[in-house]
There are 2 protein chains.
Amino acid sequence: METIPRESGEHYSTSTNARTHKGVAVEAVTIKEVAALAGVSVGTASRVLSGNPATSADTRERVAAAAAELDYQPNAQAQALRSTRSNSLGLLVPDVRNPFFADLAHAAEQAALSAGYVTLLGNANEQGDQQDRYLDTLISRRVDGVIVAPVGDDGGRLRALIERKVPTVLVDRTVPGLDLPSVTTDSEAGIRQAVQHLAEQGHTRIGYISGPQATSTGRDRFAAFTRAVAEAGLSQDPELVYFGDYQAASGSAGVHALMELTNPPTALLAADSLMAVGAISILHKLGKRIGTDIALVAFDDIEWFALLNPALSVIAHSVEDMGRIAIELLLQVIAGQAPESVVLPSELIVRASSAMPIRPMPILPTTQTEQRSQQ
Amino acid sequence: METIPRESGEHYSTSTNARTHKGVAVEAVTIKEVAALAGVSVGTASRVLSGNPATSADTRERVAAAAAELDYQPNAQAQALRSTRSNSLGLLVPDVRNPFFADLAHAAEQAALSAGYVTLLGNANEQGDQQDRYLDTLISRRVDGVIVAPVGDDGGRLRALIERKVPTVLVDRTVPGLDLPSVTTDSEAGIRQAVQHLAEQGHTRIGYISGPQATSTGRDRFAAFTRAVAEAGLSQDPELVYFGDYQAASGSAGVHALMELTNPPTALLAADSLMAVGAISILHKLGKRIGTDIALVAFDDIEWFALLNPALSVIAHSVEDMGRIAIELLLQVIAGQAPESVVLPSELIVRASSAMPIRPMPILPTTQTEQRSQQ
DNA sequence: ACGTACCATGGAAACGATTCCATGGAAACG
DNA sequence: CGTTTCCATGGAATCGTTTCCATGGTACGT
């Protein structure tokens with residue numbers, strides 16, 4: 001709206017990309033200046049800096065020296081605009097504060113870095129709209145590929161990625177109806193081992209704190225639990241299942257609900273680490289001693305779980321592999337291939353939280369003996 | 001190197017920004033196509049889409065409809081190249097897997113998002129060269145501002161940021177000689193409270209697992225510890241200090257070293273959460289019961305510490321405030337102001353790990369009684 | 001020694017948006 | 001009714017880089 005006449009005088013009228021800061025205009029070094037200092041054309045300078053072999057040793061040297069002298073940093077936006085490659089990947093996780101996803105982010109980021117990509121990390125906060133917002137941002141920034149641990153079940157703006165044929169890989173969770181390569185965990189084995197292990201300790205009523213049924217992991221793990229319980233001949237009382245949302249608070253709520261049953265469980269299985277944290281916290285408050293009064297097993301092998309007293313039994317799966325393989329698959333998609341999805345194994349690690357038989361009595365596989373609550 | 005003649009035929013020779021994927025070329029929607037569909041010029045379309053008021057209601061409507069129809073997502077690179085604003089911030093932390101920095105990243109990212117910025121998260125892995133590499137990447141991407149929890153003491157490429165006048169704010173740690181706004185914690189109060197508290201429990205020899213002296217927090221906290229110990233009249237035996245590197249392994253090594261002294265400490269203070277984790281792990285292995293055989297206090301208030309048994313006493317400081325304020329300061333710097341640095345308070349939270357007097361005997365402030373190691 | 005091949009180089013177009021400037025038309029004013 | 005003002009719009013320049021194309025020069029084969 002300013003109408004003050006501006007003099008278009010004898011300034012450097014050639015290259016003026018100003019970054020203003022505290023009122024002072026700072027000129028960034030461009031390839032033009034590098035070329036000038038080296039005494040070559042812009043095209044030649046570009047060739048040298050991008051490693052194009054069609055250059056003489058002499059110019060290579062002079063351009064490199066000029067770039068170093070001026071501390072030249074190429075404008076990544078201009079590069080990306082022209083070359084349609086941004087050398088950046090998007091990584092979208094439901095929650096960075098969840099140690100599982102923090103580890104995943106770390107693993108993926110390191111793998112991406114060694115492949116020459118920077119990672120834009122986005123946080124969906126377990127909210128579909130925030131995920132969609134980030135996905136649009138990633139489309140706008142023309143990232144070369146995206147790795148998503150999806151929130152919700154409808155795909156949302158993931159479909160926009162697919163339409164645009166943006167290379168995309170799903171990780172940890174899948175979305176029904178979306179045909180994308182993925183890296184997931186086969187929860188079946190780990191959960192069956194956990195249930196069998198608890199049955200061997202004499203437990204007949206296992207409480208299950210489930211993930212939300214709007215996620216693939218929530219459904220898969222719940223189905224695996226149901227099957228395992230049936231196979232082991234344990235109680236299939238539907239009251240023993242509480243549906244949480246993968247956040248700590250719902251782990252607490254789950255324990256509350258399960259322990260108020262007239263016939264409460266003697267063992268608990270939590271479908272992720274955060275809900276396990278919530279469960280532990282409330283069990284402490286309720287005065288229940290883990291590993292003695294009640295057994296507890298958690299999905300996700302978090303370093304800290306081994307430090308608890310008693311140490312927590314967990315169903316482990318390798319988050320490092322998951323992150324690394326996700327990047328590998330993504331690089332393949334970027335290269336124009338159509339890689340197969342990868343399913344990683346899970347396995348039970350028994351520690352003190354579930355190692356002690358609560359009721360040392362023989363298991364009666366056929367007859368379900370009514371047991372009084374131990375209030 | 002291809003010399004195959006390419007036909008430059010009757011294709012859409014106007015706009016061909018191809019993103020190749022699985023061999024198929026996909027054209028991204030550009031503003032040109034939006035303008036064509038709306039029946040206006042590119043300039044007008046741009047004005048509408050960027051909210052420039054110099055547009056008629058009629059065109060606004062038609063352009064908006066066309067953009068929606070085509071699911072247009074602007075090319076952020078072209079926008080940034082022309083407007084010299086990228087609407088993105090860089091956030092560089094020493095280690096995302098450290099829950100303190102994961103929380104910090106989350107807090108900062110949310111604050112940035114609500115201010116309209118996306119965050120590029122980088123991981124220095126506590127290594128100066130990896131930090132430098134990321135800093136160069138951020139310069140190249142022309143981010144609008146950078147928040148750094150610096151690794152090391154020499155600044156490295158941080159000086160390049162300053163030369164270019166890239167708006168930068170330091171967080172958690174500072175670097176001597178760099179005049180940048182920062183958000184840090186005053187460890188003095190929390191550490192003095194912790195030492196006094198331990199002295200009140202009858203401890204006279206407090207082991208200190210220090211952070212590296214090449215970080216400002218390492219130095220500050222060590223100095224605060226030294227002062228507090230002197231004030232409380234406790235042992236200033238230099239053998240009671242172990243210098244770690246803020247990683248879990250060095251916490252274990254520190255406990256090892258301190259417990260092998262002929263006169264080992266009866267209480268431990270760890271300068272960050274990861275070293276505390278390492279310390280807990282090794283104490284378990286050595287059969288030392290925390291809170292009974294040895295007292296333990298950790299710097300950094302991590303949610304999980306409250307779940308340990310016994311719960312861990314901590315020196316707390318607000319990581320949410322730190323992240324949020326860092327973004328606030330950065331926005332001020334971007335706006336051309338020169339904000340003051342902010343120092344946040346710390347305070348002791350006493351839990352079971354340090355609550356019990358280990359040797360209920362009167363303190364002899366002057367005479368140091370020889371105590372046998374309790375191996 | 002001459003033509004061919006090749007290689008390093010300079011110049012210019014292009015990527016997709018923003019933004020300045022000029023213009024045409026409508027509205028407002030006398 | 002004529003002139004001025006203003007506003008919406010189209011066209012063009014521009015951001016910094018890559019990449020295509022043409023060219024000049026050197027080396028090579030005959």
Side-chain angles (χ1 to χ4, degrees), chain A residues 1-6 8 13-19 27-36 38-63 67 72-87 140-142, chain B residues 1-6 8 12-19 27-36 38-60 62-63 67 72-87 140-142:
Chain A
M1 296 298 129
E2 306 239 359
T3 51
I4 301 164
R6 199 173 316 186
S8 61
S13 61
T14 49
S15 135
T16 53
N17 57 333
R19 175 204 294 272
E27 310 279 323
V29 175
T30 73
I31 200 174
K32 193 183 263 184
E33 297 158 59
V34 174
V40 298
S41 74
V42 199
T44 303
S46 170
R47 272 182 289 261
V48 170
L49 294 171
S50 61
N52 188 318
T55 48
S56 72
D58 179 50
T59 30
R60 264 199 297 279
E61 207 170 292
R62 291 216 315 284
V63 171
Y72 167 71
Q73 295 291 339
N75 184 320
Q77 275 126 11
Q79 288 182 316
L81 178 59
R82 178 59 231 242
S83 62
T84 64
R85 298 200 62 226
S86 66
N87 291 314
S140 259
R141 300 194 113 72
R142 304 295 194 264
Chain B
M1 296 294 135
E2 306 239 357
T3 50
I4 301 163
R6 200 173 314 188
S8 61
Y12 310 93
S13 61
T14 48
S15 137
T16 52
N17 57 334
R19 175 202 293 273
E27 310 280 322
V29 175
T30 73
I31 200 174
K32 192 183 264 182
E33 296 158 60
V34 174
V40 298
S41 74
V42 203
T44 304
S46 170
R47 273 181 289 261
V48 171
L49 294 171
S50 61
N52 188 319
T55 49
S56 73
D58 179 50
T59 29
R60 264 200 296 278
R62 290 218 314 285
V63 171
Y72 167 72
Q73 296 290 340
N75 184 321
Q77 275 126 11
Q79 289 181 315
L81 179 59
R82 179 59 230 247
S83 62
T84 64
R85 297 200 63 228
S86 67
N87 292 314
S140 259
R141 301 194 110 75
R142 305 293 194 264

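Every chain is numbered from 1, with letters handed out A, B, ... down the list of sequences.
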[X] has a side chain; which of [options] sits nearest to it?
X	options	answer
B:Ile31	C:dT18, D:dT17, D:dG10	C:dT18
B:Val40	D:dG10, C:dT9, D:dC15	D:dG10
A:Ala54	C:dA17, C:dA8, C:dT18	C:dA8
A:Ser46	C:dA17, D:dT9, D:dT19	D:dT19
B:Thr44	D:dG10, D:dT17, C:dT9	D:dG10

Donor-acceptor pair between A:Arg47 and A:Thr55 side chains, under 3.5 angstrom
no

On DNA chain D, nearest-nucleotide positions of B:Ser56 versus A:Ala76: which is more 5'?
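Of the two residues, B:Ser56 wins.
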
Could you say whether B:Ala45 or A:Arg47 is positioned toward the 5' end of DNA chain D, judged by the nucleotide with the nearest heavy atom to each?
B:Ala45

Report the distance from atom [atom1] of [X] to atom [atom2] of [Y], rounding to the nearest 0.5 Å.
X	Y	atom1	atom2	result
A:Asn75	A:Arg82	CG	CZ	15.0 Å
B:Arg60	B:Asn52	CZ	CG	10.0 Å
A:Gln73	B:Arg142	CD	CZ	8.0 Å

So what's C:dA28 paired with, Watson-Crick or G-U wobble, going by both distances under 3.5 Å?
D:dT3

Paired to D:dT30 by Watson-Crick or G-U wobble criteria (both distances under 3.5 Å) is C:dA1

Return the value, rounded to whole Å, for the distance between atom [atom1] of [X] and atom [atom2] of [N].
X	N	atom1	atom2	value
A:Lys32	C:dG10	NZ	C1'	14 Å
B:Glu33	C:dA17	CD	C1'	13 Å
B:Arg62	D:dT9	CZ	C1'	11 Å
A:Asn52	C:dG10	CG	P	14 Å
B:Arg85	C:dA17	CZ	P	18 Å
A:Asn75	D:dT17	CG	P	6 Å
B:Leu49	C:dT19	CG	C1'	15 Å
A:Arg60	C:dC7	CZ	P	13 Å

Whichever of B:Gly43 and B:Ala78 has its nearest DNA chain C nucleotide further upstream toward 5':
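Between the two, 5'-proximity favours B:Ala78.
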
Of the non-hydrogen atoms in A:Val34 and A:Val63, which two are nearest, and what is the gap between them?
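The pair with the smallest heavy-atom distance is CG1-O, 4.0 Å.
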
Minimal non-hydrogen separation, B:Arg141 against A:Ser86, with atom names
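Nearest heavy atoms, B:Arg141 then A:Ser86: NH2-O, 2.8 Å.
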
Establish whether the base of C:dT18 is bridged to the side chain of B:Arg82 by a donor-acceptor pair shorter than 3.5 Å.
yes

May I ask you to evaluate whether A:Ser41 reaches the phosphate of C:dG10, defined as a side-chain N or O under 4.0 Å from OP1 or OP2?
yes

Give a yes/no answer on whether the side chain of B:Thr59 brings an N or O atom under 4.0 Å of OP1 or OP2 in D:dT9.
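True: B:Thr59 side-chain N/O within range (under 4.0 Å) of D:dT9 OP1/OP2.
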
